[in-house]
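Down below is the structure, laid out as structure tokens.
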Amino acid sequence: LTFEALSETSEFAKKWVPFCKRYSLEPRAPEWYFQQKIDYLKDKVAPNFVRERRAMKREYEEFKVRINALVAKAQKVPEEGWTMQDGTPWPGNNVRDHPGMIQVFLGQSGGHDVEGNELPRLVYVSREKRPGYNHHKKAGAMNALVRVSAVLTNAPYMLNLDCDHYINNSKAIKEAMCFMMDPLVGKKVCYVQFPQRFDGIDRHDRYANRNVVFFDINMKGLDGIQGPIYVGTGCVFRRQALYGYDAPKSKKPPSRTCNCWPKWCICCCCFGNRTNKKKTAKPKTEKKKRLFFKRAENQSPAYALGEIDEGAPGAENEKAGIVNQQKLEKKFGQSSVFVASTLLENGGTLKSASPASLLKEAIHVISCGYEDKTDWGKEIGWIYGSVTEDILTGFKMHCHGWRSIYCIPKRAAFKGSAPLNLSDRLHQVLRWALGSIEIFFSNHCPLWYGYGGGLKCLERFSYINSIVYPWTSIPLLAYCTLPAICLLTGKFITPELTNIASLWFMSLFICIFATGILEMRWSGVGIDDWWRNEQFWVIGGVSSHLFAVFQGLLKVIAGIDTSFTVTSKGGDDEEFSELYTFKWTTLLIPPTTLLLLNFIGVVAGVSNAINNGYESWGPLFGKLFFAFWVIVHLYPFLKGLVGRQNRTPTIVIVWSILLASIFSLLWVRIDPFLAKNDGPLLEECGLDCN
């Protein structure tokens with residue numbers, strides 16, 4: 001289906017691309033362009049635009065019909081499998097056992113639009129799959145694409161996008177290249193990260209899908225240290241940084257001579273330096289030889305093999321070149337074409353190679369066994385060992401001394417889709433948290449990996465924060481349970497504080513509050529976005545993060561890999577209907593339990609105050625404050641369980657009131673936690689009062 005869809009796309013692109021360039025259209029994704037509810041005639045003075053737009057929309061509708069026909073056809077696979085147009089079986093009929101496949105749809109020949117202009121290359125790549133091999137999912141696919149693109153085009157910069165994202169700003173890649181080509185700091189930039197923006201999210205962003213606090217506060221702050229972390233999509237890479245090379249060293253500024261010293265002193269100093277240099281000078285060939293082996297050790301991409309030892313003796317030069325070639329092949333794999341491409345800092349392919357030989361080499365580098373006994377996934381490319389390979393990959397680059405850049409253009413660079421309903425959102429957070437736990441127990445944990453390299457101290461703290469946060473679910477669960485326990489037992493959550501301790505507590509609270517306000521003012525984040533982030537931090541902390549901790553411990557200690565099923569329970573065709581779809585999953589159990597506990601605690605506390613009189617209401621308010629604080633944080637979760645506010649079934653409301661009344665009356669009657677005789681003890685006095 002992907003192959004046939006790309007074939008249709010390549011034909012449609014020959015008409016769509018020149019139309020976009022002619023009228024500077026944004027976004028370039030046709031589905032989203034034609035869905036825009038704007039005045040498309042604004043700033044368009046060309047008289048032919050309306051006619052051409054109507055014709056192009058008609059072309060796109062026909063293109064969609066053809067794609068939908070392919071999708072409908074792919075729903076039912078023939079018993080004998082798919083066949084190609086020439087009658088031969090499709091090589092990918094078995095998705096888990098098939099050879100590597102490459103098809104160049106738009107390339108050196110035939111890659112021109114209807115106006116005769118050259119189109120960007122469009123290449124279909126399906127790496128080889130065989131039983132018994134670990135293909136490493138997304139990270140393995142990205143590494144295969146790095147090798148194929150290096151053999152076929154070897155562009156110095158690469159854009160990484162998830163399949164559910166589209167380019168919303170066609171100038172974004174140029175903006176990223178401006179940072180990388182900067183004459184002062186560009187050579188040390190490994191990637192340029194763009195913030196994630198999403199379409200189709202409800203206006204209130206109930207489950208904090210936009211992650212505004214992370215993308216507009218945290219990532220901006222990291223940009224002032226060593227750069228933002230890599231978030232897995234919307235990122236432009238420097239190809240050389242993915243090859244495990246160290247960042248180039250910054251050149252020291254030229255030394256200055258002080259004019260205040262006498263001339264004879266300066267001459268003596270210069271004379272002394274010249275004498276020392278002459279004594280320690282070494283032959284030219286030996287210096288170049290040392291330079292060669294130093295570059296071989298550090299894998300610096302500055303020169304091709306044959307250009308390093310120019311001037312050295314022929315046999316010695318040839319022997320050193322063979323040794324270095326063997327080292328590179330052990331690191332990058334057994335492909336001489338790919339190894340040669342890694343030494344070209346500014347990109348470009350080998351001029352002597354024919355297109356047929358390059359395609360043959362490209363098939364070789366996506367074979368199953370190519371990465372065996374190499375540094376792929378360990379020191380090169382996307383790093384293996386976690387479902388969140390993005391954090392590991394960016395971490396390794398920063399350890400090599402590279403820095404990253406955070407770019408926020410006025411028009412969002414890329415846009416994607418986000419999970420709308422509660423269950424899907426919790427599972428997304430679970431996957432991220434599980435990846436952090438896996439990194440925590442791996443050799444690449446920022447707590448102990450990468451010391452002595454190029455990673456700055458504050459940047460290390462940011463990476464530690466990105467892998468430690470799931471563990472905060474344990475104290476968070478305790479804090480959300482304590483208010484209910486206090487209301488049920490009649491004891492307060494904190495002991496009595498002295499005046500000095502109260503001052504310290506208030507000072508700490510004010511400092512944290514002031515820091516949050518300053519961050520929001522600095523970044524332009526609204527109080528509503530900050531509050532939604534706080535709410536979902538609690539919801540995710542007592543559900544997804546908690547499950548990730550236990551699932552990670554089971555996987556690391558016992559080798560048990562668990563999974564959670566998601567079951568859909570309804571929905572409709574209205575706007576944001578997916579938001580109200582209820583999908584049952586075990587992740588919903590802890591937050592639901594906490595809500596019930598705190599509701600029961602509130603009922604028990606109020607009932608106890610009614611039973612004991614006026615003096616019990618004063619201490620009750622402090623306990624109720626903490627219980628309501630937990631309930632307010634879990635309120636979006638409660639809305640996700642109930643559904644639409646105006647569509648809550650009447651029977652649910654009736655039963656809720658009935659059960660709350662019954663529990664209150666039972667609590668007043670039973671009152672099991674407090675002693676019954678709180679007054680003075682009465683004894684018989686011996687007098688007959690009758």
Side-chain angles (χ1 to χ4, degrees), residues 204-208 420-427 429-430 433 470 472-490 493 531-550 564 566-567 569-570 579-608 620-664 666-667 673:
H204 299 290
D205 191 15
R206 181 185 296 177
Y207 305 125
L420 278 181
N421 66 74
L422 178 61
S423 301
D424 290 343
R425 175 70 168 133
L426 290 177
H427 272 268
V429 176
L430 170 65
T472 61
S473 59
I474 298 174
L476 182 61
L477 181 66
Y479 282 126
C480 291
T481 310
L482 280 174
I485 294 175
C486 293
L487 286 166
L488 291 171
T489 59
I493 192 171
W531 174 240
R532 281 191 292 269
N533 181 80
E534 291 293 309
Q535 285 179 312
F536 198 79
W537 176 74
V538 175
I539 296 171
V542 298
S543 56
S544 300
H545 298 172
L546 187 67
F547 274 79
V549 170
F550 289 107
F564 305 97
V566 180
T567 306
K569 297 296 181 184
L579 178 67
Y580 307 102
T581 302
F582 181 76
K583 298 181 179 181
W584 173 252
T585 172
T586 49
L587 294 176
L588 302 176
I589 295 175
T592 307
T593 305
L594 286 174
L595 274 172
L596 290 174
L597 271 176
N598 281 278
F599 275 126
I600 292 172
V602 169
V603 172
V606 173
S607 303
N608 180 61
L620 178 66
F621 283 118
K623 302 172 187 177
L624 288 178
F625 172 78
F626 287 107
F628 278 118
W629 192 245
V630 174
I631 293 171
V632 167
H633 275 83
L634 294 175
Y635 177 67
F637 176 84
L638 182 62
K639 288 182 68 177
L641 289 180
V642 173
R644 295 182 188 269
Q645 290 179 336
N646 57 355
R647 292 179 57 185
T648 304
T650 307
I651 189 66
V652 173
I653 300 174
V654 172
W655 273 103
S656 299
I657 297 173
L658 183 61
L659 288 174
S661 302
I662 292 172
F663 279 126
S664 299
L666 283 174
W667 196 269
F673 289 102

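Values reported hereafter were calculated over all heavy atoms of this structure, with side chains retained and with hydrogens, waters and symmetry mates removed.
Residues E534 and H633 approach most closely at O-CD2, 3.7 Å, considering heavy atoms. Of all heavy-atom pairs spanning R425 and A208, the tightest one is NH2-O, 2.8 Å. The two residues V630 and Y479 have their closest heavy-atom pair at CG2-O, 4.4 Å. Summarising the geometry of A484 relative to L597, their closest heavy-atom pair is CB-O, 3.4 Å, with the distance given to 0.1 Å. Of all heavy-atom pairs spanning P591 and L634, the tightest one is O-CD1, 4.2 Å. When all heavy atoms are compared, the tightest approach of V549 to P470 is CG2-O, 3.4 Å.
Under the 4.5 Å side-chain criterion, counting only non-hydrogen atoms from C-beta, W537 is not in contact with R532. Counting heavy atoms from C-beta outward, W629 and V538 have side chains that stay 4.5 Å or more apart.
For S544, the side-chain contact (heavy atoms from CB on, under 4.5 Å) partners at least two apart in sequence or on another chain are L426, V429, L430, L587. Under the side-chain contact (heavy atoms from CB on, under 4.5 Å) criterion, I485 pairs with T481, T489, not counting sequence neighbours. With sequence neighbours excluded, the residues satisfying side-chain contact (heavy atoms from CB on, under 4.5 Å) with A627 are P483, L487, N598, V602.
Residue T593 holds its OG1 atom at 9.5 Å from CG of L477, rounded to the nearest 0.5 Å. Here the SG atom belonging to C486 is positioned 11.0 Å from the CG atom belonging to L624, to the nearest 0.5 angstrom. The distance from the CH2 atom of W531 to the CZ atom of F536 is 14.5 Å, given to the nearest 0.5 Å.
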